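Treat the numbers as computed from the prediction; the structure is a model and nothing was measured.
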Amino acid sequence: MFSEAELKRLINAKIATDEDLGEQVGGSGHLGFSSYEINFISDPVKKNNKTWKITYEYTVFVETEFTYYPDNPPYEYQYRKTIFVDDDGKIVRESKKATIKSPWKLG
């Protein structure tokens with residue numbers, strides 16, 4: 001089983017490789033900054049004595065030079081993803097990330 005710290009380290013590393021984080025420059029030359037927050041990490045579930053299934057949800061925040069509260073807050077994108085890891089924490093399989101919430105998706 002994995003400790004809470006190990007799970008967070010594993011998920012943080014995966015999000016960092018999946019997302020374009022940090023300072024960004026758009027095609028128009030405008031500056032932006034992307035960061036994230038983990039919302040949920042499921043308890044690992046042992047699958048066929050070989051891998052652990054871990055599902056997590058996180059939010060990516062995109063701030064631009066035009067971001068200001070309350071009228072123009074950062075864009076927020078919420079995602080869900082499932083990874084399968086071995087006993088050493090190495091990812092052996094993963095799902096595509098599913099969009100839960102987007103400023104461009106109604107509902």
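Placement of Ile83 and Phe2 within a single hydrophobic cluster is found when ILVMFWY residues are connected by side-chain heavy-atom separations under 4.5 Å, directly or transitively.
The distance from atom CG of Asn12 to atom CD1 of Ile41, rounded to the nearest 0.5 Å, is 7.5 Å. Residue Tyr77 holds its OH atom at 8.5 Å from OG of Ser34, rounded to the nearest 0.5 Å. Here the CZ-OG distance, from Phe84 to Ser95, works out to 7.5 Å after rounding to the nearest 0.5 Å. The distance from the CD atom of Glu63 to the CZ atom of Phe33 is 7.5 Å, given to the nearest 0.5 Å. Residue Ile100 holds its CD1 atom at 10.0 Å from CZ of Phe40, rounded to the nearest 0.5 Å. In this structure, Ile15 CD1 and Ile38 CD1 are separated by 4.5 Å, a value rounded to the nearest 0.5 Å.
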Run the numbers on Lys90 and Val85 for side-chain contact (heavy atoms from CB on, under 4.5 Å), then give the verdict. CA-CA 5 Å; Lys90 181 180 175 194; Val85 300; over 6 Å; no
side-chain hydrogen bond (donor to acceptor under 3.5 Å, both in side chains) evaluation trace for Thr59 with Asn39: CA-CA 7 Å; Thr59 303; Asn39 304 328; 2.8 Å; yes
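In this structure the side chain of Ser42 reaches within 4.5 angstrom of the side chain of Ile54, judged on heavy atoms. Residues Leu31 and Thr64 are not in side-chain contact: their nearest non-hydrogen atoms beyond the backbone lie 4.5 Å or more apart. Residues Leu7 and Pro44 meet the side-chain proximity criterion, which asks for heavy atoms closer than 4.5 Å.
In this structure a side-chain-to-backbone donor-acceptor pair under 3.5 Å is present from Asn72 to Phe66. Remark: side-chain polar atoms of Glu76 are not paired, donor with acceptor, to backbone N or O of Pro74 under 3.5 angstrom.
Counting only N and O atoms by type, the side chains of Tyr79 and Asp18 include no donor and acceptor under 3.5 Å apart.
A salt bridge is absent between Lys50 and Asp87: the closest approach of a Lys/Arg side-chain nitrogen to an acidic carboxylate oxygen does not fall below 4.0 angstrom. Using a cutoff of 4.0 Å between basic side-chain nitrogens and carboxylate oxygens, Lys14 and Glu94 are scored as salt-bridged. The residues Lys53 and Asp43 are annotated as not salt-bridged, no charged nitrogen and carboxylate oxygen being separated by less than 4.0 angstrom.
The environment of Lys46 atom NZ is dense: over 12 non-hydrogen atoms of other residues, nucleotides or ligands sit within 6.0 angstrom. Environment of CD in Glu65: crowded, with over 12 heavy atoms of neighbouring residues, nucleotides or ligands closer than 6.0 Å. Within a 6.0 Å sphere centred on CZ of Phe61, heavy atoms belonging to other residues, nucleotides or ligands number more than 12.
Of the candidates Glu37, Gln78, Glu19, Glu19 is the only one forming a side chain to side chain contact (heavy atoms under 4.5 Å, CB included) with Tyr58.
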